[in-house]
Amino acid sequence: TLRAVGSVSCVIRRAAATSGSSMHHLARPHHRILRLGLAGAIACGGASAAPTPTPVPVPLPAVVPAEPAAPQFVPISDASTVAIARMANNVELAYARIAAAAGTRLDVRAFARREVTAHTQLNSALMRRAATLDIVPRDDEVSRLLRDQSLARRDSLRATRSGRRFDSTYVANEVRYHRELLVAVDSVFLRSVRHAGLEDYLTVTLRPEISAHLARALRLQATLATRK
């Protein structure tokens, strides 16, 4: 199976975990993606320590614990939204091109070719809209991490080679990836957008397309499950 290191939410998780002050302003708004994008976040931990003697309790004055501060959503800029959306389309194009050549089943290859066409058109529409609105995409650590860490998933996909395992692995990846994109659109992009024209692209063009791709991927996944 493919490792999740290249997923949208895992990328954002790693960016948010960076401790440097230069990343802090980027981490907080994207944390919404990572929390919602992966149902089971990878926990960090180490080996259990050897048991230690139980200390003698010392009475302490009663203290009322403070209420934890609610997470604060910090919107991202429209320039960052365009850059991340463009990169997300490019990542999907890379996956689809691999599957269009290496897929075993005709319906898997047809799905991949359709993804190539659709995400090429999504990117073209996005860049036309950005140019009209005078928005210059600004790549940041998040979009670059999305690009770089998708390489691991692409390598895993190539290593799977062809056959049923390749088909099922690719389609499972498509289901997961498009779900993550929907979370990004709903939880970050639409909550951050400032230009009405960019909001129109997100709601009228991007989100319906991603939702339709997810539905097709789920149907294809169900078909593969019944024909093993």
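All values below were derived from every heavy atom in this structure, side-chain atoms included, with hydrogens, water molecules and symmetry-related copies excluded.
For the atom pair CG (Asp107) and CZ (Arg219), the distance works out to 12.0 Å, reported to the nearest 0.5 Å. We find the CG-CG distance between Asp140 and Leu145 to be 9.0 Å, quoted to the nearest 0.5 Å. Residue Glu92 holds its CD atom at 10.5 Å from CZ of Arg97, rounded to the nearest 0.5 Å.
In this structure, Asn123 and Leu126 have side chains that are in contact, with non-hydrogen atoms separated by less than 4.5 Å. Using a 4.5 Å heavy-atom cutoff, the side chains of Val188 and Val183 are not in contact. Residues Arg207 and Leu181 fail the side-chain proximity criterion, which asks for heavy atoms closer than 4.5 Å.
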- request: Please assess Arg158 against Asp155 for the test salt bridge (Lys or Arg N to Asp or Glu O under 4.0 Å), listing each intermediate value before the final yes or no.
  value: CA-CA 5 Å; Arg158 291 190 184 99; Asp155 288 344; 3.5 Å; yes
message: Pair Arg86, Asp139 - check side-chain contact (heavy atoms from CB on, under 4.5 Å), show working.
response: CA-CA 10 Å; Arg86 177 180 63 183; Asp139 285 309; 3.3 Å; yes
- request: Run the numbers on Arg179 and Leu218 for side-chain contact (heavy atoms from CB on, under 4.5 Å), then give the verdict.
  value: CA-CA 11 Å; Arg179 279 175 172 159; Leu218 286 168; 3.7 Å; yes
message: Before you tell me yes or no, could you show the steps for Ser80 and Ser77 under side-chain hydrogen bond (donor to acceptor under 3.5 Å, both in side chains), namely the whole-Å CA-CA distance, both residues' side-chain angles and the distance that decides it to 0.1 Å?
response: CA-CA 5 Å; Ser80 291; Ser77 68; 3.2 Å; yes
- prompt: Should Leu198 and Thr81 be marked as a side-chain contact (heavy atoms from CB on, under 4.5 Å) after you check the CA-CA gap, both sets of side-chain angles, and the distance that decides it?
  reply: CA-CA 9 Å; Leu198 182 57; Thr81 294; 4.3 Å; yes
- prompt: Yes or no on side-chain contact (heavy atoms from CB on, under 4.5 Å) for Arg176 and Arg153, after CA distance, side-chain angles and deciding distance?
  reply: CA-CA 12 Å; Arg176 178 172 59 243; Arg153 186 177 282 183; 3.1 Å; yes
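Side-chain heavy atoms closer than 4.5 Å link hydrophobic residues (I, L, V, M, F, W, Y) into clusters, and following such links, possibly through other members, connects Val175 to Phe111. Criterion: ILVMFWY side-chain heavy atoms under 4.5 Å apart, direct or through other members. Under it, Val108 and Val116 are not part of a common hydrophobic cluster. In the hydrophobic cluster analysis, where Ile, Leu, Val, Met, Phe, Trp and Tyr join through side-chain heavy atoms closer than 4.5 angstrom, Tyr170 is grouped apart from Leu93.
Nearest heavy atoms, Met87 versus Ser143: CG-O, 3.4 Å. In this structure, Arg138 and Ala83 approach most closely via the heavy-atom pair O-CB, 3.4 Å. Closest approach of Leu182 to Ser211, counting heavy atoms only: CD2-N, 4.0 Å. Contact record, Val193 with His195: CG2-O, 3.5 Å, taken as the closest heavy-atom pair. Considering all non-hydrogen atoms of both residues, Pro137 and Met127 come closest at CG-CE, 3.5 Å. Closest approach of Ala99 and Ala112 over heavy atoms only: CB-CB, 3.7 Å.
Under a cutoff of 6.0 Å and an axis angle of 45°, Arg154 and Tyr95 do not form a cation-pi pair.
Without hydrogens or angle criteria, Arg109 side chain to Thr104 main chain gives a donor-acceptor distance under 3.5 Å. Side-chain atoms of Ser187 never come within 3.5 Å of backbone atoms of Ala184 as a donor-acceptor pair (strictly under, hydrogens ignored). When atom types are taken as modelled, the side chain of Thr160 and the backbone of Phe166 share no donor-acceptor pair closer than 3.5 angstrom. One N or O on the side chain of Ser150 and one on the backbone of Arg147 form a donor-acceptor pair closer than 3.5 Å. Side-chain N or O atoms of His178 include one that pairs as donor or acceptor with a backbone N or O of Glu174 at under 3.5 Å. Side-chain N or O atoms of Thr205 include none that pairs as donor or acceptor with a backbone N or O of Leu202 at under 3.5 Å. Between the Tyr177 side chain and the Ala88 main chain, a donor and an acceptor come within less than 3.5 Å of each other. Between the side chain of Asp78 and the backbone N or O of Arg194 there is at least one donor-acceptor pair closer than 3.5 Å. Judged purely by atom type and a 3.5 angstrom limit, Thr203 uses its side chain to pair as donor or acceptor with the backbone of Glu199. In terms of modelled atom types and a separation under 3.5 Å, the side chain of Arg129 and the main chain of Gly197 share a donor-acceptor contact.
Residues passing the side chain to side chain contact (heavy atoms under 4.5 Å, CB included) test with Glu209 are Ala118, Leu122, His213, sequence neighbours excluded.
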